[in-house]
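I have placed the structure first, in the form of structure tokens, so that the comments after it can refer back to it.
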2 protein chains.
Amino acid sequence: MPATIRDVARESGVHISTVSRTFSAPHLVNAETRSRVLACAEMLGYRPNRAARALITGRTYNIGLIVADIANPFFPPLIKAAESQARQRDHHIFIADTNEDATVEEELVRALAKQVDGVLLCSPRMSNSLIEQLSREVPLVVVNRQIPGLPAVVMDVAQGARLAVEHLTGLGHTEIALVAGPRGSWTSREIRRSAVAAARAAGTELTVIGPNPPTEDGGMAVAEQVIRTGVTAVLAYNDLMAIGLIEGLQSRDVRVPRDVSVVGIDDITLSRLIRPKLTTVATPAAAAGRAAVDMLLAHGDDRRTTAQVNLQTELVIRDSTGQGPGPHSPADPGNVIAPALDGVASYAKE
Amino acid sequence: MPATIRDVARESGVHISTVSRTFSAPHLVNAETRSRVLACAEMLGYRPNRAARALITGRTYNIGLIVADIANPFFPPLIKAAESQARQRDHHIFIADTNEDATVEEELVRALAKQVDGVLLCSPRMSNSLIEQLSREVPLVVVNRQIPGLPAVVMDVAQGARLAVEHLTGLGHTEIALVAGPRGSWTSREIRRSAVAAARAAGTELTVIGPNPPTEDGGMAVAEQVIRTGVTAVLAYNDLMAIGLIEGLQSRDVRVPRDVSVVGIDDITLSRLIRPKLTTVATPAAAAGRAAVDMLLAHGDDRRTTAQVNLQTELVIRDSTGQGPGPHSPADPGNVIAPALDGVASYAKE
DNA sequence: AGTTTCGCTGCAAAGGTTTGCACCGTCGAT
DNA sequence: ATCGACGGTGCAAACCTTTGCAGCGAAACT
């Protein structure tokens with residue numbers, strides 16, 4: 001039986017509206033009254049009931065953040081950045097995990113809907129139409145997906161995939177595999193589209209393997225298949241899969257990068273810790289988290305907007321990629337420096 | 001302007017209470033009426049407002065879960081298990097991250113308090129007295145901490161630390177360092193207490209280094225100090241620190257396990273992926289997550305309880321530990337099989 | 001025929017808060 | 001002396017839902 005506003009009003013001999021104002025509009029109440037009310041509130045351990053407040057104001061000062069899989073190290077930096085950004089704007093973040101399941105995702109958005117001011121949908125697996133429908137129930141910002149009319153922050157993973165393929169072809173690889181991500185992933189489609197185009201431009205063969213679960217196990221599971229295709233280089237949907245794949249290859253006595261080169265995407269911490277250190281496409285997860293919160297808070301109620309933030313990616317070359325059988329392209333500087341991170345930089349500065 | 005219960009009532013020509021019952025007690029309303037109401041609700045896109053419902057019933061069907069750091073791979077399995085357990089009981093989990101900051105922790109509990117039916121406090125950094133005070137505002141279940149009168153699930157990390165030290169002394173190590181965790185961590189104190197006792201029992205020297213931030217960087221930062229103490233074996237507060245420490249040692253040309261043995265605690269996925277594979281104490285994180293949810297949901301409103309769940313730990317011997325300078329204990333079987341996981345097993349079965 | 005039972009529905013209070021409006025007294029200006 | 005402005009406070013409606021109670025008609029009893 002926690003103390004309510006009424007208890008405080010009774011105790012301090014004022015009307016409940018005065019107590020209310022003491023907390024939500026202190027300048028409207030006499031300094032003396034205010035301190036008396038505060039004293040009583042403190043004594044009774046009173047805390048305003050946020051749910052009741054939200055009922056009236058329509059503002060909860062909460063933000064929902066839905067991710068496909070917390071265990072994927074790609075997400076924590078994004079989450080942390082979103083949290084600290086939200087905290088600066090006096091909001092709290094509630095995280096929920098969908099287990100890569102579109103049904104759970106929908107359910108979570110609905111559950112969250114009335115308890116938050118908006119939802120950040122990270123790497124959603126739902127259909128566009130369903131997302132559009134949900135956006136009518138609660139303000140949405142979509143991360144890593146483009147949906148007409150919805151605010152979005154996307155990472156330019158197409159550019160990253162292109163850089164990765166060019167890096168591989170530059171090293172003389174002529175047969176490359178793409179290990180795709182999960183069905184329903186916009187990112188996976190983007191990567192595929194871009195990788196195919198880049199491969200064609202370089203005149204090399206690219207075989208697509210997938211869809212696959214975007215986990216270490218998912219990568220490990222395709223090792224056999226990768227070997228059978230006879231490719232000498234692989235681009236994986238994410239670092240986790242790349243790492244799993246390397247494990248799988250090594251356990252079958254295929255050496256990386258000597259026999260097969262592997263490049264991942266995300267640049268998770270782990271990619272610097274495993275051996276060989278992973279060549280990968282760095283995605284600006286923290287910047288994305290900050291940007292998403294900003295977008296949500298920016299246009300309060302005008303739901304439909306065409307605003308989009310596009311974040312650059314960069315290729316980080318480490319030790320999991322090496323010479324291929326073909327001619328070594330003289331155009332490849334051997335130690336590519338990626339383009340400057342415009343989008344990132346502007347956010348990183350804050 | 002989402003549809004409310006009133007809109008549905010008007011549209012279907014019944015009283016709002018009938019609409020309410022259609023959703024919360026369907027058997028009380030005529031089948032025909034019910035289907036008409038449902039049809040209207042569907043048409044208008046009506047969803048019951050959970051916040052308003054909670055105001056009356058006092059039940060939100062939400063559970064708060066507060067962790068020190070989502071980026072620590074120790075937590076995701078715990079979180080995932082808690083989520084799936086909660087989902088089975090028709091509840092949702094809201095996660096929040098404190099960044100290892102006791103102040104943020106308190107704030108988050110308060111923010112969550114009125115929007116959830118209870119909070120799972122994982123590895124809290126607050127003082128006991130503050131936690132007790134908060135437990136009067138919202139039902140709490142504490143994980144990895146023992147506080148008189150509060151329901152708790154703890155991992156028997158003392159046992160794990162003892163096994164680890166015995167393992168090291170058995171290998172002939174006579175000078176061991178303990179790299180402690182963060183200030184305010186109950187787990188860190190337990191480990192220390194137990195490790196000191198075990199070392200004393202084996203007649204070996206144990207020097208404590210810390211407190212330290214429980215991260216990879218934290219481990220890396222003490223490498224120099226570890227080398228200076230001249231020990232040949234180290235027990236780290238968690239795997240992340242152990243891994244950071246190994247990196248730090250290797251970069252200073254100290255080989256693991258040849259020059260220094262390292263054992264971690266937690267058995268995160270990563271510990272199998274790095275080289276050398278990490279010897280570590282496995283903690284039943286998933287079981288803890290399930291147990292915590294169960295405890296919270298079990299005793300609905302009788303806040304104060306002495307119920308505690310104690311989960312066993314086990315030592316997993318891999319490649320980061322090796323012979324020390326002293327005599328190799330014949331008592332050490334060389335490949336310790338840990339005790340059966342009673343506590344875990346009973347939960348794992350479900 | 002009268003009474004009880006039963007299934008269904010409406011009524012209204014309750015839950016904790018915010019907020020536009022009205023009111024009161026005082027002070028400064030005219 | 002009168003008026004307006006203003007700081008401070010109280011009043012009551014509103015937000016959306018649940019739920020105990022009462023009422024209604026009809027069926028099933030005695």
Side-chain angles (χ1 to χ4, degrees), chain A residues 1-38 40-41 44-62 110-117 137-138 301, chain B residues 1-38 40-41 44-62 110-117 137-138 301:
Chain A
M1 53 192 76
T4 81
I5 200 175
R6 233 170 292 270
D7 301 325
V8 178
R10 192 180 325 111
E11 188 69 21
S12 50
V14 298
H15 195 263
I16 59 165
S17 57
T18 302
V19 178
S20 170
R21 276 186 276 256
T22 302
F23 288 95
S24 48
H27 58 281
L28 287 183
V29 19
N30 183 290
E32 191 183 329
T33 319
R34 194 196 313 155
S35 60
R36 183 157 39 96
V37 170
L38 285 176
C40 292
L44 297 174
Y46 167 74
R47 311 276 160 193
N49 184 324
R50 309 188 87 201
R53 171 182 294 179
L55 202 53
I56 302 256
T57 61
R59 306 270 285 125
T60 63
Y61 287 87
N62 294 147
R110 294 232 152 90
L112 242 23
K114 295 296 199 324
Q115 332 195 32
V116 300
D117 297 339
E137 298 181 26
V138 56
D301 287 326
Chain B
M1 53 192 79
T4 82
I5 202 175
R6 231 171 295 271
D7 301 325
V8 179
R10 191 178 327 110
E11 188 70 21
S12 50
V14 298
H15 195 262
I16 58 166
S17 57
T18 302
V19 178
S20 170
R21 277 186 278 254
T22 302
F23 289 95
S24 48
H27 59 280
L28 286 184
V29 22
N30 184 291
E32 191 184 330
T33 321
R34 193 195 313 154
S35 60
R36 183 156 40 94
V37 170
L38 286 175
C40 291
L44 296 174
Y46 167 74
R47 310 275 160 194
N49 183 324
R50 308 188 85 199
R53 170 181 296 179
L55 201 53
I56 301 255
T57 61
R59 306 269 287 123
T60 63
Y61 288 88
N62 295 146
R110 294 232 153 91
L112 241 23
K114 295 295 199 326
Q115 334 195 33
V116 301
D117 297 338
E137 299 182 25
V138 56
D301 287 326

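All chains are named by letter (A, B, ...) in the order of the sequence lines, taking the proteins before the strands, and each is independently numbered beginning at 1. Given the structure is predicted, the values throughout are model-derived calculations rather than measurements.
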Open item on the list: With a 4.5 Å cut-off on side-chain heavy atoms, are Thr4(B) and Asn49(B) touching?
Closed with: no

Open item on the list: Any residue in residues 48-62 of chain B with a heavy atom nearer than 4.0 angstrom to DNA chain C? Just list them by number, or reply none.
Closed with: Ala52(B), Leu55(B), Ile56(B)

- [ ] Round to the nearest Å and state the distance from Arg6(A) atom CZ to dG10(D) atom P.
- [x] 14 Å

Open item on the list: Test of understanding: with salt bridge (charged side-chain N to carboxylate O under 4.0 Å, His left out), list the residues that count as partners of Arg59(B), not counting sequence neighbours.
Closed with: Asp117(B)

- [ ] With rounding to the nearest 0.5 Å, note down the distance linking CD in Gln115(A) to CZ in Arg50(B).
- [x] 5.5 Å

TODO: Would you classify Arg47(A) as touching base, sugar-phosphate or nothing, given that sugar-phosphate means primed atoms plus P, OP1 and OP2, and contacts are heavy atoms under 4.0 Å?
DONE: sugar-phosphate

Open item on the list: Contact between Arg10(B) and Asp7(B) at the side-chain level, heavy atoms closer than 4.5 Å - yes or no?
Closed with: yes

- [ ] For residues Pro2(A) and Arg47(A), determine if any side-chain heavy atom of one lies less than 4.5 Å from a side-chain heavy atom of the other.
- [x] no

Open item on the list: At a heavy-atom distance below 4.0 Å, what parts of residues 10-25 of chain A sit against DNA chain C?
Closed with: Ile16(A), Ser17(A), Ser20(A), Arg21(A)

TODO: Would you indicate whether the side-chain heavy atoms of Val14(A) and Val19(A) approach each other to under 4.5 Å?
DONE: yes

Open item on the list: Need two values: the first and the last nucleotide of DNA chain C, 5' to 3', having an atom under 4.0 Å from any heavy-atom of chain A.
Closed with: dG16(C) to dG20(C)

Open item on the list: What's the separation between atom NE2 in His15(A) and atom CZ in Arg21(A), rounded to the nearest 0.5 Å?
Closed with: 9.0 Å

TODO: Starting at atom CZ of Arg36(A), determine the distance to atom C1' of dG8(D), rounded to an integer number of angstrom.
DONE: 12 Å

TODO: Kindly give the heavy-atom pair with the smallest separation between Pro26(A) and Ser24(A), and that separation in Å.
DONE: CD-C, 3.7 Å

- [ ] Could I get the full list of side-chain contact (heavy atoms from CB on, under 4.5 Å) partners for Ala113(A), not counting sequence neighbours?
- [x] Val138(A)

Task: Those residues that, when tested against Arg36(A), pass salt bridge (charged side-chain N to carboxylate O under 4.0 Å, His left out) (two or more places apart) - done: none

- [ ] Write down the distance between CG (Asn30(B)) and P (dG25(D)), rounded to a whole number of angstrom.
- [x] 17 Å

